[in-house]
> 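The structure is given below, and queries will be raised subsequently.
Lettering follows sequence order; numbering is per chain, from 1. The figures here come from the full heavy-atom set of this structure, side chains too, leaving out hydrogens, waters and symmetry mates.
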Number of protein chains: 2
Amino acid sequence: MPDRTAAPDSTASPRRSDATRTAILHAARERFAADGYERATIRAIARDARIDPSMVMRYYGSKEGLFAAAVAVDLKLPDLGAVPRHEVGEALVTHFLDLWESNEVLTALLRVGVTNQAGAERVQDIFRDQLLPVARAVCPDPEQVATRAALSASQLLGLALARYVLRLAPAAALHRREIVAWLAPTVQRYLTAPNP
Amino acid sequence: MPDRTAAPDSTASPRRSDATRTAILHAARERFAADGYERATIRAIARDARIDPSMVMRYYGSKEGLFAAAVAVDLKLPDLGAVPRHEVGEALVTHFLDLWESNEVLTALLRVGVTNQAGAERVQDIFRDQLLPVARAVCPDPEQVATRAALSASQLLGLALARYVLRLAPAAALHRREIVAWLAPTVQRYLTAPNP
DNA sequence: CGTCATGGCCAACACGCGTTGACCACCGCG
DNA sequence: CGCGGTGGTCAACGCGTGTTGGCCATGACG
């Protein structure tokens, strides 16, 4: 039996069950995003995908396995080295806004990361493997890259938290361009300002 | 039966059970902070408090009632009107750092607020009743108070999220004075800068 | 046509949960 | 002394959970 827990892409013959697999993943992302890890039950996910709960176990092994497959996310961050230096803040903020609004996988990741140890580690991985390298391309002092990337992450995650998860009314009411106007200078300073 | 669900302080005769009540609240805050709402079981909280689970029900009615009692929090925010205008950012950041590090109740509130509807509403209440009025004392344009307070909250919550909940390594490693040095100008700008 | 892997459903298991109500021990007041 | 309220334990209930294994349909292939 080949390892079919990954996304049904790339090489090799497509199976008849690929539609079911993606339906499960889709429903899982929705439920994890809406309910968090514990309250997103396999039974509910299976109901959304119109299949039997035991199929989820067959294809993903366990609830943890399903979660891991559901939040395997590529942020597709732009190469900040190719962006004018004084626009990196704006580039990052707009990119993250696009991500949050196009895809519920980030909401799922954040919700689960807050409650679940495995989820938190997933967030740490993404920070280390995807955000850190991008920050490295733009930070002045290599020793400060981690700090500056973490500060940027704190502001970007904090806005997503207030806006998409906690739904603080004024944060949810902000227009996209307002968010960019306020946050871009902050991230810009965190990443490129010479000094604290 | 008088309403004894609140903290055992203020007027009226202290009961013999007050020690148990506070022990339950203490254990509840620890568990909610460490595990979130769903995984913080009444049984585990009772075990920590060395009593029977049914006592929790007697004193707090239900798990929801226990949570409400456990996260009734007063941020004790300083009067920003009495602070030099160019120091309000620093004052807020240091105050919040004190809060997060002295008291696990904020961690509990954040963890539960992310997973639980009632928890999210609690955070909204605190934002509206405690942070908004303080921001009003320092914001230039009254129409922008809510926006500016929400932006400040996003940065403060975001740092707490990265540092105390997700435990991103570089955010957890930051020294207190570094956090103040980086975040104070951000919050200062959100609250008092004339323009986006 | 037979056969066998594949996709899918159903029924059940063991477990932990929030919650309930019956029961006991003690202390203070009449 | 008696007795009622207060603080506390114990055992159980009903429910929903993740997970398991057995059974059926179907379609590709020899």
> Between the axis at one end of the helix from C:dC1-D:dG30 to C:dG30-D:dC1 and the axis at the other (five pairs apiece), what's the angle to 10 degrees?
20°

> Let me know the distance between CD1 of B:Ile51 and P of D:dG8, rounded to the nearest Å.
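The answer, rounded to whole Å, is 8 Å.
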
> Assign A:Ser62 to base, sugar-phosphate, or nothing according to its heavy-atom contacts below 4.0 angstrom with the strands shown.
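A:Ser62: backbone/sugar contact only, no base atoms under 4.0 Å.
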
> Mind calculating the distance between CD1 (A:Ile45) and P (D:dT17) to the nearest angstrom?
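Checked: the CD1 to P distance equals 11 Å.
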
> Rounded to whole Å, how long is the line connecting atom CE of B:Met55 with atom P of D:dG7?
8 Å

> So, A:Asp125 and A:Arg128, do they make that salt bridge, N to O below 4.0 Å?
yes

> Assess, by modelled atom type and distance only, whether the side chains of B:Tyr190 and B:Thr147 contain a donor and an acceptor separated by less than 3.5 Å.
no

> Extract all donor-acceptor atom pairs below 3.5 Å that involve side chains of residues 32-43 of chain A and protein atoms in other chains or at least two apart in sequence.
| unit_1 | atom_1 | unit_2 | atom_2 | d |
| --- | --- | --- | --- | --- |
| A:Tyr37 | OH | A:Glu64 | N | 3.4 |
| A:Arg39 | NH1 | B:Thr115 | O | 3.3 |
| A:Thr41 | OG1 | A:Ala44 | N | 3.0 |

> Separation of B:Arg58 atom CZ from D:dG7 atom P, in whole Å?
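Taking atom P of D:dG7 as the reference, CZ of B:Arg58 is at 8 Å.
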
> Nearest whole Å is fine: how far is D:dC10 P from B:Asp52 CG?
7 Å

> Answer yes or no on whether A:Arg21 is positioned over the face of A:Tyr59, meaning its NZ or CZ is under 6.0 Å from the six-membered ring centre and within 45° of the axis.
yes

> From the list D:dG8, D:dG18, D:dT20, which nucleotide is the closest neighbour of the side chain of A:Ile42?
D:dG18

> Can you check the B:Ile24 CD1 to D:dG7 C1' distance for me, whole Å?
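So the two atoms are 11 Å apart, to the nearest Å.
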
> Please list, in 5' to 3' order, the outermost nucleotides of DNA chain C lying under 4.0 Å from any heavy atom of chain A.
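Span of nucleotides near chain A: C:dG7 to C:dA12.
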
> What is the separation between atom CE on B:Met57 and atom C1' on D:dC13, rounded to the nearest whole Å?
14 Å

> Taking the side chain from A:Gln124 and the backbone from B:Leu166, do they hold a donor-acceptor pair closer than 3.5 Å?
yes

> Kindly determine whether B:Thr186 and A:Arg189 satisfy side-chain hydrogen bond (donor to acceptor under 3.5 Å, both in side chains), including the steps that lead there.
CA-CA 9 Å; B:Thr186 300; A:Arg189 184 168 69 86; 2.7 Å; yes

> Might you point out which heavy atoms bring A:Pro185 and A:Val180 nearest each other, and give the distance in Å?
CD-O, 4.0 Å

> For A:Thr192 and A:Arg148, which I'm curious about, is there any donor-acceptor pair between the side chains at under 3.5 Å?
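No, because no side-chain N or O of A:Thr192 sits under 3.5 Å from a partner of the opposite role on A:Arg148.
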
> Using a 4.0 Å heavy-atom cut-off across all strands, classify A:Ser54 as base, sugar-phosphate, or nothing.
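Since a base atom lies under 4.0 Å of A:Ser54, the category is base.
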
> May I have the distance from B:Arg43 (atom CZ) to D:dT9 (atom C1'), rounded to whole angstrom?
14 Å

> Salt bridge check, B:Glu101 against B:Arg163: does any charged N sit closer than 4.0 Å to a carboxylate O?
yes

